[in-house]
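In what follows, residues are counted from 1 in the order of the sequence shown. The shown structure was predicted, so the numbers you read here are calculated from the model rather than taken from an experiment.
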Amino acid sequence: MGLLLVTAGLGGVVVWQNTYALREEKVSLRHDGALLDGVLALPKHGQGPFGLVVFVHGDGPIDATHETFYRPLWESFARAGYASLSFSKPGVGASEGDWLKQSMDDRADETLAAVAWARTRPDIDGRRIGLWGASQAGWVLPKAAARDGRLQFVIAVSPAVNWLGQGRYNLLAELDRDGASEQEKQAALRRRATVLGLLERGATFAQYRVAVGDADGMTAARWGFIARNYRADATADLAAMRGTPLLLVLAGHDINVDVADTEAVYRSVLPPTSLTVTHYPGATHSLVDHDLESSAWRLTVTAIAAPRRLYTDGFLTDQARFVQRVDASREEQ
């Protein structure tokens, strides 16, 4: 009996920890001939109109909730008076299409279509819409913000600036993490140079296979995606969105993105009055604490039993405070 009570109690804690102060509504958007499946997460109480954060995903086949990883973020924004909107990538969940056939321009078009859709809703304040995006979204957010001057803010989490620079940094950082020798590093760089040469020549996937041998997880669809996007660089788009308040979120244990390079470019291109930079020294690329992410069992238990604690300390509250500051600044104007 005692064991049953303990088990029931733990189950209750898990349910409580995975219950969020949100009203989630399934929504859909038809864009470029395809239906996108999404979620609009509204604050628990009130009729609005609410401000809105439109989510822009990073790389990979990500659904609207990012396998529930977004919900703590949605809740923090809800407590600041903001709704959140997120669509599954094309070909993910109930969304039609194929995200691997998209360019960064396509992704920006899709983001602005979501913004336009939101502005038609009476429960959304069309004057208080901003973007949130992580990792690969760093090439999408500035494009969208440069084209829509009505956007009130951008939150860029762990973004890279230059696709090729990011790839080289990530390659070497992972080799360092794995204790690779200097010879192994040089071999990896030679393989990378071969791949870049193939991309420059417009090589097919079959030609790639012949040139490199082991595909190392590469597929024809992924090769096509890289070929469309490997020249991506956010610098010009960042310059074109001057004046839009931007929160740059950087992690101290990021092996995907060279955060020093990212910060230097953002500071050189954006006006100081529009840029806020936050550093989380103990966090990884995904803004999870490094020590937590390094332990598979702790990470799993935390994800199940206390998902809000997945994120490093201060990350959730700092973003909510940022949108509140943007609101306060707008009201003063």
Side-chain angles (χ1 to χ4, degrees), residues 56-62 89-92 97-110 133-143 156-238 250-251 253-266 269 284-286 293:
V56 182
H57 308 305
D59 194 15
I62 301 174
K89 280 191 175 182
V92 179
D98 184 351
W99 66 273
L100 283 168
K101 293 181 178 178
Q102 291 185 309
S103 67
M104 295 301 112
D105 283 320
D106 294 331
R107 297 200 61 201
D109 290 342
E110 184 179 280
S135 194
Q136 190 183 97
W139 292 297
V140 182
L141 302 168
K143 285 183 181 296
V157 180
S158 304
V161 174
N162 179 275
W163 182 291
L164 294 178
Q166 182 268 343
R168 188 178 194 279
Y169 173 85
N170 175 234
L171 173 65
L172 293 175
E174 288 188 351
L175 289 169
D176 282 337
R177 178 198 62 192
D178 297 339
S181 67
E182 185 60 31
Q183 290 81 1
E184 288 171 324
K185 291 179 183 177
Q186 292 304 315
L189 289 173
R190 287 194 295 272
R191 177 187 172 108
R192 171 182 162 79
T194 297
V195 171
L196 293 180
L198 292 167
L199 288 168
E200 289 293 334
R201 296 197 298 273
T204 65
F205 178 62
Q207 291 170 324
Y208 164 86
R209 289 293 303 269
V210 170
V212 303
D214 177 18
D216 194 25
M218 183 70 74
T219 65
R222 183 70 184 180
W223 179 252
F225 180 77
I226 293 170
R228 273 185 288 277
N229 293 294
Y230 78 97
R231 293 186 180 92
D233 187 292
T235 308
D237 292 316
L238 284 166
L250 301 172
H253 290 271
D254 196 331
I255 66 170
N256 294 72
V257 168
D258 183 344
V259 296
D261 177 71
T262 291
E263 181 173 2
V265 172
Y266 273 64
V269 173
T284 63
H285 182 68
S286 59
E293 193 169 288

> Just wondering, are more than 12 heavy atoms of other shown residues or ligands nearer than 6.0 Å to NZ in Lys101?
Replying inline: no
> Passes side-chain contact (heavy atoms from CB on, under 4.5 Å), Thr194 versus Arg190? Steps please.
Replying inline: CA-CA 6 Å; Thr194 297; Arg190 287 194 295 272; 5.7 Å; no
>> Going by the rule ring-ring contact (aromatic ring centres under 6.0 Å, His included), which residues pair with His285 if we only count those two or more places apart in sequence or in a different chain?
In response: none
>> For Asn256, is there any backbone N or O sitting under 3.5 Å from a side-chain donor or acceptor partner on Gln166?
In response: yes
> Which heavy-atom pair separates Tyr266 from Ala156 by the least distance, and what is that distance?
Replying inline: OH-CB, 4.1 Å
> Taking all non-hydrogen atoms of both residues, which atom of Ala251 and which atom of Thr284 are closest, and how far apart?
Replying inline: CB-O, 3.1 Å
>> Under the rule for side chain to side chain donor-acceptor pair (under 3.5 Å), what residues qualify as partners of Asp59, not counting sequence neighbours?
In response: Gln136, Arg222
>> Under the criterion side-chain contact (heavy atoms from CB on, under 4.5 Å), I'd like the reasoning laid out for Leu141 against Asp237: C-alpha separation, chi angles, the key distance, then a yes or no.
In response: CA-CA 9 Å; Leu141 302 168; Asp237 292 316; over 6 Å; no
> If every non-hydrogen atom of Val161 is compared with every non-hydrogen atom of Thr262, which pair is closest and at what distance?
Replying inline: CG2-CA, 4.0 Å
> Who passes ring-ring contact (aromatic ring centres under 6.0 Å, His included) against Tyr208, sequence neighbours left out?
Replying inline: Phe205, Trp223
> In Å, rounded to the nearest 0.5 Å, how long is the span from CE of Met104 to CH2 of Trp163?
Replying inline: 5.0 Å
>> Keeping Lys89 on the side-chain end and Gly60 on the backbone end, is there a donor-acceptor pair under 3.5 Å?
In response: yes
>> Going by side-chain hydrogen bond (donor to acceptor under 3.5 Å, both in side chains), name the pairs with one or both residues in residues 225-234, residues two or more places apart or in two chains.
In response: Asn162-Asp233, Glu200-Tyr230, Asp233-Thr235
> Stepwise, does the side-chain contact (heavy atoms from CB on, under 4.5 Å) test hold for Met218 with Arg209?
Replying inline: CA-CA 9 Å; Met218 183 70 74; Arg209 289 293 303 269; over 6 Å; no
>> Show every salt bridge (Lys or Arg N to Asp or Glu O under 4.0 Å) that has at least one partner inside residues 159-168, sequence neighbours left out.
In response: none
>> Restricting to ring-ring contact (aromatic ring centres under 6.0 Å, His included), what partner residues turn up for Tyr169, sequence neighbours left out?
In response: none
>> Please check: side-chain N/O of Asp176 versus main-chain N/O of Ala173, any donor-acceptor pairing under 3.5 Å?
In response: no
>> Would Glu293 and His253 count as a side-chain contact (heavy atoms from CB on, under 4.5 Å) here? Give the steps.
In response: CA-CA 11 Å; Glu293 193 169 288; His253 290 271; over 6 Å; no
> In terms of side-chain geometry, is the basic nitrogen of Lys143 or Asp109 positioned less than 4.0 Å from the acidic oxygen of its partner?
Replying inline: no
